[in-house]
Amino acid sequence: MTTGYVWHELFGWHDTGSGPLFPADPAAGIQPLAHLAHPDTKRRMHELIAVSGLLDHLTRIPTRVATEAEILRVHTPEHVERIQRESGLPKGGDAGDGFSPFGKGGYDIAALAAGSAIAMVEAVAGRSVDNGYALVNPPGHHALPGTGMGFCIFNNVAVAVRHAQAELGIRRVAVVDWDVHHGNGTQAAFADDPTVLTISLHQDNCFPPDSGPVTDRGRGAGTGYDLNIPMPPGTGDGGYRYAAEAVIAPALEAFRPELIVVASGFDANGMDPLARQLISSRAFVHLTETVMAAADSSAGGRLVLVQEGGYSPVYVPFCGLLTIATLAGVPVLEDPILPIIAGQAGHELEPHQKDAVDRAAALVTDITAG
Ligand code: 3YP
Ligand code: ZN
């Protein structure tokens with residue numbers, strides 16, 4: 001198995017400002033502190049991949065900047081122009097919601113993230129690697145056609161999927177979003193499109209507010225091709241395992257995608273400050289095995305993971321390391337935090353978690369490979 005890998009130092013230079021969530025504002029009582037989305041978490045993941053030796057087994061895919069035309073396959077000219085304009089300001093700007101700041105030159109880093117997702121899809125579609133992990137930053141899955149939000153500027157996954165369809169001869173694509181927050185931007189990009197199945201496994205009504213209920217199923221010709229699995233807060237490895245087995249695997253088997261792209265956030269882990277789930281690295285390994293098996297079944301193994309959220313600088317690197325080691329089939333060092341997280345209570349599947357999964361599982365019968 002050859003596994004592609006993308007990282008660029010500039011992803012670690014994405015400047016999220018000096019407020020922990022909202023910009024520092026003494027009058028509002030907001031003290032300066034590193035942003036929860038400080039890029040060091042992702043830089044630390046990259047450095048663990050290097051120091052552990054896993055990097056030596058991966059095929060480095062060169063990054064590239066997405067062109068305006070590529071970004072415009074998903075986003076409006078007004079959004080792209082606003083980001084470009086604010087990117088030229090001495091202190092940068094904001095993706096669109098007031099708590100997603102970027103520094104001077106932020107456009108170039110965001111375009112590099114989207115372009116690197118494209119580069120990984122090209123490498124996997126062209127078979128220069130079997131599968132791949134694009135460790136990009138800023139993330140993308142909340143970004144809507146006309147605005148960024150939730151730390152996302154451009155929707156890296158959506159831009160890469162549209163590129164695969166426009167340039168690489170691929171029609172049916174499945175997006176599996178296991179970031180703990182709802183993949184609303186990706187859902188919106190493909191809501192009326194039955195050629196892209198979007199599956200979002202997330203914490204029920206976490207972020208964005210009131211987004212991603214199981215009743216959101218797409219619209220028009222795309223009805224049935226958005227699948228939401230909102231899990232109750234407090235879901236652990238058992239709940240995630242059941243969601244993978246009862247919904248994600250059968251939905252992918254029914255859809256038979258030619259390419260699977262994962263929006264890979266690690267913020268469902270039991271140490272994350274921006275969500276209330278409990279999972280350990282073994283759940284990310286199981287999710288990875290689930291999408292690998294599905295990709296083998298219908299897509300010739302073609303599978304691309306693109307980084308989204310994850311805010312524990314301590315645990316994200318290990319979740320990422322084990323995920324990529326699974327993709328590559330390479331043994332690596334053990335997760336030293338696993339005994340702590342997996343040893344805590346809350347990993348048994350609870351009845352209310354099973355009910356949540358079963359509500360989504362009932363919708364799988366409407367999916368076909370048409
Ligand atoms: C944005 C503000 C509060 C929660 C946060 C979510 C960002 C994220 O990781 N999205 O996937
Ligand atoms: Zn997230």
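None of the values given here were measured: they were computed from a predicted structure. Order of appearance sets the numbers: ligands from 1, and atoms from 1 within every ligand. Reckoned from all heavy atoms, side chains included, excluding hydrogens, waters and symmetry mates.
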Item to check | Phe318 and Tyr315 aromatic ring geometry - parallel, tilted or perpendicular at 30°/60° bounds | outcome: tilted

Item to check | Side-chain donor-acceptor pair present, Ser298, Glu258, cut-off under 3.5 Å | outcome: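 No, Glu258 and Ser298 have no side-chain donor paired with an acceptor closer than 3.5 Å.
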
Checklist entry - Is Asp355 atom CG crowded by more than 12 heavy atoms from other residues, nucleotides or ligands, each under 6.0 Å away? => result yes

Residues [X], [Y]: salt bridge by 4.0 Å N-O rule:
{"X": "Asp130", "Y": "Arg302", "result": "no"}
{"X": "Arg64", "Y": "Glu70", "result": "yes"}
{"X": "Glu78", "Y": "Arg82", "result": "no"}
{"X": "Asp358", "Y": "Lys354", "result": "yes"}
{"X": "Glu245", "Y": "Arg241", "result": "yes"}

Next on the checklist: Return the CD to CG distance between Gln353 and Asp204, rounded to the nearest 0.5 Å.
Outcome noted: 12.0 Å

Give me the pairs of N or O atoms, one from ligand 1 and one from the protein, that sit under 3.5 Å apart.
residue, atom, partner, partner atom, Å
ligand 1, 9 (O), His181, ND1, 3.0
ligand 1, 9 (O), Asp267, OD2, 3.1
ligand 1, 9 (O), Tyr311, OH, 2.5
ligand 1, 10 (N), His141, NE2, 3.4
ligand 1, 10 (N), His142, NE2, 2.6
ligand 1, 10 (N), His181, ND1, 3.1
ligand 1, 11 (O), His141, NE2, 2.5
ligand 1, 11 (O), His142, NE2, 3.1
ligand 1, 11 (O), Asp179, OD1, 2.8
ligand 1, 11 (O), Asp179, OD2, 3.2
ligand 1, 11 (O), His181, ND1, 3.1

Next on the checklist: Using a strict cut-off of 2.8 Å, how many protein N/O/S atoms surround the Zn ion (ligand 2)?
Outcome noted: 4

